[in-house]
Every structure is written in C-alpha cells, then in structure tokens.
Amino acid sequence: MDKVYNHKDVEEKIYKEWEEKDFFTPEVNPKGKPYSIILPPPNANAPLHFGHAMYVIEDILIRFKRMQGFRALWLPGADHAGFETQFVFEKKLQLEGKSRFDYDREELYKMIWDFVQSNRPVMENQLRRLGFSLDWSRKKFTLDEDIVKIVYKTFKKLFDDGLVYREKRLVNYCTYDGTSFSDLEVVYLEKEAKLYFIKYPIVGEKDKFIKVATTRPETMLGDTAIAVNPKDTRYKKLLGKKVSVPLTGGREIEIISDETVDMEFGTGAVKVTPAHDFNDYEIGQKHNLDYIPVIGFGGKMTDAALRFSGLYVKEARREVVKDLGELQLLGKTTDIKHTVPTCYKCKNPIEPLLMYQWFVKMEPLAGRAIEAVKSGKIKVYPKTMEKLYFQFLENIHDWNISRQIVWGIRVPAFKCEKCGEWEVTSGEVREKCGKCSGKMNQDEDVFDTWFSSGQWPFAVLRASQPGDFKEFYPTTVMETGYDILRWWVARMVMLGIYETKKVPFETIVLHGLVNDPLGKKMSKSKGNVVNPLELLDTYGADAVRFALVYGTALGNDQSLSYPKLQAMRNFTNKLWNMARFIDMNRIQNSKLKTQNNLTMQQLNNLAINENDKEMIEKTAELTKEVTRLLEKYDFNHAAQNLYDFIWHEFADVYIEDVKNRIDEQSFIILNSLFLILLKLLHPFMPFVTEEIYKLLGGEGDLIVSKWPVKNA
RNA sequence: GAGCCCGUGGCUCAGCGGUAGAGCGUUCGGUUCACAUCCGAAAGGUCGAUGGUUCAAAUCCAUCCGGGCUCACCA
C-alpha cells in the first residue's frame, strides 16, 4: 500500500466499479423491504453548487438502508428549471447581440433544449464525483415525454375538479422579463421613495380639494375612486361626493369608504387604482369599481394614460409630477422608506397587471397538506421546520401557474377563435371547437416549473420503470434544503395527496445552507461562490462529505471551513494508515490467517484477552449507537461518534495495545473489528472505506455488505 | 409590523434540566512508530444581559441587547 491515501486514484475507479456492478439499483436486495428517496432534481442546465453537496445526507441514508438489506432506491433526475434557464439563455443571446424576439417559439425552444442537453452531463458527473449511489438507470428529466403527459393529466384533473380556473386577475408581472410570477417569486426590497401629496378637486365646489398621499403618482391616471376610513370623521361629509382626476380631462370618481384604509397614513385618504395595486384591486372588487389599466406589459403607459401614453413608468411619473406642479395640485413631497415588490431574478420592479392566467385554487389542497403533517402521516426533521411549513400553507393564495415564456410545458388548453370557448385536454391537440367547430388555438403560456416539479415523486415513479410506483410510493424520505420548503416540498405534498390520495413521502428531512467561510450566503453577484469540485480535488470526496455532516446539527446553516475539511482529509489518511498497519502485519506474519469478517458473536467466542473483549464490546455499542442515530437523522452525532471512536479509541488505544502482543488471534480480532468499523463508516466515507475493505480482504464489496448488528 | 433561528473557550461549532464538550489554533513533553506526522499532557469559558421557575438552568419562562433569515397589500 502507498504511504499516503491518494483519493484521486481511488474515487473514479471505485465509482465505476460500483456502477458496472449495478449496485445502485434496488434490485441488489430483491427481497428487501422498499426504501426510497427521490433526489431533488437539480437544474439540468447549471453546475452544482454547495447546497447540492448536502444531498450527501440522502446518500448516507441510502447506503445505510441498502446495507441493512432494504430495496433501497435513490432516483436521480434533472429539472428543466423553466424561467431560470430561459433567463440564462437570453443572457447568452444578449451577449451574441440577439434576443428571444429574433426567433419563433419552436426555434427558441429547440435552441434552449440543445443548450440544456449539452450542459446536463456536467451536473450529473458532479453527482458522481460526490460518490452518490444514484440509480442512473432510472434517471428522468422533467421534460421527458412520459413526465409531461402526467403533468397534463394532473392539470386536466384539477380543471375538471374545479381546482384550476382561468381568470383575469391582478398578477405579479415583470415587464423586463416579460412574464408573470407566483407570489413566491416576488421579493420585497426596502427602498427610499418619495411620497407625493396630490390634490383632487371636488366637483362643483370651487377651490375645494381632497388630498391623498402616494408613491406612485403616475397610476392616478387609472384611479377609479378615492377611499377613506368609515370611522374617519374628517372625511365623513365628503363621502359620496365626486372628485375629478387631474390630468385625465375631467374624469370623475367617487369618494368611498373602506375599513382597510389606514387613517394614520398620509392624509387618511387614498387613491384607488384597482388595475395596478393588490390592495386597490380588493377594494375595487368590493365596491364594484372600474379597472383602467394605464401600464402595459412592456412597462410603458397605455393609451388610457392619454398624453403620457408610450412613456416608461419612470418617465411618466416625472412628467405627471411636473404637470401636477404646474396645475398647483401638488402638495408637499416627503421621503419615505417602503418595500417595493421586485423580480427575484432581475431585481426590477414587479408591476401588478391585470391579465388572464391559469390559477390553482389552493385552499382545499393546503388543508389536506396541513392535516398530513399535523396527523403525523408526514414527519418533519428537524421538527422546528414545521412552523415554516404551516406558516406558508395557512396563509396561502391561489397559485398563478402561467408563465409567458417558451421553456417549459405548454399549457394544454385550447381556445376557440369563434366562440371563445376553452377546452383543457390531457395533452391532445384540439383543432376544432366542440361547440361551434371554430378553429382552436393553444394557449401560448407554459407552466410554472414548480407546477411540474411539484408532481415529481409520483410522476417520476410512474414513469421510471413498471412497478416502481406501486413498490416505492409513497417514498420514505424527502430530503432537501429548508429554503425550498415552500416552493417545492409543500407543493409536492399538496399535489401528491391530490393526485394519488397518499402522501408523497413519509418523512421530510431538511438540511441547512452552506455559507462561505465568513458566514455569508454564497452568491454569484458577491463573487464568493466556492465550486464544490475544487474541494473534491483538494480534499477528496470522503473528506468533503464528512465535513458537511460533522459538527453541524441538522437544519442549521454552516460556514464552509477549510480547517475542518483538512481535519477530515487527515481522518481519511488516518484510516488508510490504520489499514496499512494491519496489512503489514499480515504480510510480515505470513502464518497469520486472513480469516476475518467475523461477526460480533463469533468474535466474542474467540476472544480471550480482556482488552480484546472490551474492544469488541465497545464496537458493538458503537454499532448500536450509530444505527440509532442514523434512524433519527442525527448525522452529526453519528459522524462524531465514529470519528472519536475510530481515531481516539480504536487507533490511539487499542491498536497501540495490540501492537505489543500481536498474535494470530488478536490479529483476526483486530482485522475483523476494523472491517466492522469500515462498514459503519461507509455511508459517510464510501470511497476510502471500500478501497481499504478490499485491500484487507473483506468479502465481496463493502457497499453491499451487511450492516453490522450488535448482537449477531 | 409579525414570526423564526442564532449568540457556549482565540476560531468553527456540538450540547438544550443534573458537576462545561469537540475539531482547529496555542503551550509543554514524547516518538519516527501504520500515519502529508502521530501520541500524551496543559492552558483557555461567571455558556449575550437581566430577572424568574426549579432541589438543580448553557438547557425552561419573561424582558432586553447583538447578528441572521423569513413572512406581510402600508398607499
């Protein structure tokens, strides 16, 4: 054996061997009970970041269960990541001096498809480098034909059940990216703004005004009421009176009362623009107001904005303020801080705009999802995360699932040109209207990516291999970062229960984020992103894996620590040298048998020396403890126990002791105990343990060896 | 505005009701042994602050301070 463990020589070789021997499929344990985890499908188009390396937790579970004899399935996939990917692709086009408008829908889709396919192996190979024992024979993509079909079916079912509807409503729209979003994709940023006080002349009463305060004067062109609080005595006598909206050529609106108006803010009177503000939209619904859209989808003022038509919102604001000043209708302006809805991707302001979109009615779905966790049908680790889950589901709004992009699953809905009738299908194309035989056109929009990934567990198991769904659904564990609990996990629960009548997974395990060494969130814009591959090169996959679970409680964020990585790398080397010691003794004492792989029971029968007996007992205890900790998803302590015991008890004390009294019997015990420790450590450090196991003459392959049991 | 998490030796973090723990770092000693060393030992903490509950609190409760995250329609 080499003097020093060299992970580079070992990892690739071993992974290939495992893959060639088909150890990653559940079929290695044909008779075991099913145990399944679906890998959260990474974006097919993007290289992995450090968060993905945390999926090592899933590999630990799968290897553990595989060794215990379960039919352990860990199913890999890739996500088309609709808007994310189209955004990246458009950036690329931009660099080439092009834009999405230079291509028709089909061309653009094809280009993105090729782009994604060419990048996809990068991500998949990184998963291999991490040592993940994923069943590649079952890998799926969210745009695979069979998956798409399932997504269509769910949509149709939701529609038929009245849980999907198409309506013209105010939605979050990014005029830069040209698409609408769900609530979750809107980020509220605190910004400095000007609060303008504007006078609206009261009709028929000369020189009388009502003053309102607003940060968005340009939207006044679409005002359809002024609202005050019914309790506000200041305005009681003005209720029902008309005012004329400045700059609109005398358009008249009414002063109404609504209890949502905050008397303390501004003047206590608020302008109501139902077509461009969520609050105002609500008020508009209640009071049956008109909707006058003055901002268009391109971010420019519409014709309804009269002479401001064609101006961008910002310009329009400036002009409106200027004109109001000239008309003596502008009061004071003050500086305030307020939160502005912005696009999570491009950071430009989100405009609430009125449009027809497909919505999923969430309340009934959310209720069942809440119930699933409250009743214990789904367990959450760590338990504190339940709060996040409930918080989201208890305050949920209907989900806008339409996106105005091409990269994704196109909505299978067709509209008749003639009679306007909509028909939703399970993917079949409708050319003729069933009612009037008019020509039908498919909706241009695609689904929100999360609508398809929200169906992933049942979709992927129905599509992977015949029998998989029956065998492996519900899956055992869903493990992912807590940051996508709402985006993804909660939606999987809702859609899973809806479509299959069963929870999609029995347990949710959530890990924390990996921050940079200074504790800051890694992000491209900050330039502090650490490429996991570099660390794999430097420290080896085993060390990186171990460092990620060691010393951090489940669900807590951690900062990348180079000293820790180094310590873990040293640990792999320590293991290697323990093996070298054992190996050298075998060679030097050729009469020593290579008999090993004895069970605890056999070792107990063999041992005479007190120290040997004690070590057997301690190893048995460790086995019990590590097993117990893994069962309760306490990877941190399982890892710490292994580390401490192997280094500071087994190596520092026991090996030092055996050194001075080595004989046939003690060698067999030493060797066997070490192999047991390798088994316990294997889920965490699969490469070095497998390599050593084989060098020391372990039977077969460690990855499929039997998990040690205390009393066997 | 509301909620959540974190604040433990120089650094990174475990512990979360029963005499303060680990890794890294530091200091001293030993060894070249299977070990890019490794082994042994030591120094170093009134567990953010203040009150309370308890026989007993880093651990439970309250308030406050500091750091982070999330949610929310403040015009």
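Order of the sequence lines fixes the chain letters, A, B, ..., with proteins taken first and strands second; residue numbering starts at 1 for each chain. Model, not experiment: these values are computed from the prediction. These numbers come from the heavy atoms of this one structure, side chains and all, not from hydrogens, waters or symmetry mates.
- The nucleotide B:rC60 finds its pairing partner in B:rG52, both defining distances of the Watson-Crick or G-U wobble pair being shorter than 3.5 Å.
- One C1' atom belongs to B:rG9, the other to B:rU54, and the distance between them is 28 Å to the nearest Å.
- Proximity note for A:T215 (side chain, C-beta onward) versus B:rG15, B:rA75, B:rC39: the nearest is B:rA75.
- Comparing atom distances between the A:Q391 side chain and each of B:rA14, B:rC71, B:rC39 picks out B:rC71 as nearest.
- As judged by a 4.0 angstrom heavy-atom cut-off over every strand, A:R486 is placed among residues touching the sugar-phosphate backbone only.
- The closest side-chain heavy-atom distance from A:M1 to A:L695 is below 4.5 Å.
- Using a 4.0 Å cut-off, no side-chain N or O of A:W647 falls inside it from OP1 or OP2 of B:rC38.
- Checking B:rA75, B:rA22, B:rC73 against every side-chain atom of A:H338, the shortest atom distance belongs to B:rA75.
- Base-pair partner of B:rG66: B:rC6 (Watson-Crick or G-U wobble, both distances under 3.5 Å).
- Of the candidate nucleotides B:rA36, B:rA14, B:rA34, B:rA14 has the atom nearest to the side chain of A:N556.
- Under the Watson-Crick or G-U wobble criterion, with both distances below 3.5 Å, B:rU19 has no partner in any strand shown.
- The shortest distance between side-chain heavy atoms of A:I295 and A:R216 falls below 4.5 Å.
- Relative to the side chain of A:N577, the nucleotides B:rC5, B:rC35, B:rU12 differ in distance, and B:rC35 lies closest.
- Between A:E625 and A:K618 no salt bridge is recorded (no basic side-chain N to carboxylate O distance below 4.0 Å).
- Checking A:T273 against A:D223 by side-chain atom types alone, a donor-acceptor pair falls below 3.5 Å.
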